[in-house]
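In what follows, every heavy atom counts, from backbone to side chain, and hydrogens, waters and symmetry copies are set aside.
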Amino acid sequence: MEGFCESKLDAKSLLVDLQWKLAMAVSSDSCGSLKYPYVAVMLTLADPFGRVKNKSFEMTVPQFQNFYRQFKQMAAVIETV
C-alpha cells in the first residue's frame, strides 16, 4: 500500500466510492519480480468543503484479504450502534 501510506488522508474525508480490480503484471522494463497477482484500489474521497479527490494504491492479495476483513469488522461494529 505504498501510494496510500505516502499520502496522508484527512481524518475528516468522507469515502464516496471504493473500486478495486484484480490484476497481474506480466512484463515491465523496471521490475523483475512480476507474474504475481495484485489488487488495485481506487478511493474517491470528499473533504469537508466538497472537493473530491481520488487516491489509488496497490496491495498484494493477502493484504487485500486483511483489508476486507477489517472492513467486515467495522461493519459489524457499526451495526451494533
(request) Flag yes if Val41 and Phe71 sit in one hydrophobic cluster, no otherwise; membership is Ile, Leu, Val, Met, Phe, Trp, Tyr, and two members link when side-chain heavy atoms are under 4.5 Å apart. (result)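 They do share one cluster, since a chain of ILVMFWY contacts under 4.5 Å joins Val41 to Phe71.
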(message) If I take atom CD from residue Glu79 and atom CE from residue Met74, how far apart are they, to the nearest 0.5 angstrom?
(response)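 These two atoms lie 12.5 Å from each other.
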(message) I need the Thr60 OG1 to Gln65 CD distance, nearest 0.5 Å.
(response)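 The OG1 atom of Thr60 sits 8.5 Å away from the CD atom of Gln65.
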(request) Go through the steps for Asn66 and Gln63 under the test side-chain contact (heavy atoms from CB on, under 4.5 Å), then give the verdict. (result) CA-CA 5 Å; Asn66 183 48; Gln63 287 173 323; 5.8 Å; no
Only distances under 3.5 Å count here; give the side-chain donor-acceptor pairs of residues 16-24 to other protein atoms, sequence neighbours excluded, each with its distance to 0.1 Å.
residue: Asp17; atom: OD2; partner: Gln19; partner atom: NE2; Å: 2.8

(request) Show your reasoning for whether side-chain contact (heavy atoms from CB on, under 4.5 Å) applies to Leu43 and Phe57. (result) CA-CA 9 Å; Leu43 300 176; Phe57 54 96; 3.8 Å; yes
(request) Give the C-alpha distance, both sets of side-chain angles, the deciding distance and a yes or no for side-chain contact (heavy atoms from CB on, under 4.5 Å) between Lys12 and Asp47. (result) CA-CA 7 Å; Lys12 296 179 182 170; Asp47 68 15; over 6 Å; no
(request) Begin with the C-alpha distance, continue with both residues' side-chain angles, and end with the deciding distance and a verdict on side-chain contact (heavy atoms from CB on, under 4.5 Å) for Phe67 and Met59. (result) CA-CA 9 Å; Phe67 182 72; Met59 293 184 272; 3.9 Å; yes
(request) Please determine, by modelled atom types, if Thr44 and Asn54 share a side-chain donor-acceptor pair under 3.5 angstrom. (result)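 On atom types as modelled, these side chains qualify, holding a pair under 3.5 Å.
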(request) Would you sort out whether Phe64 and Tyr68 count as a ring-ring contact (aromatic ring centres under 6.0 Å, His included), showing the intermediate values? (result) CA-CA 6 Å; Phe64 183 74; Tyr68 172 73; 7.2 Å; no
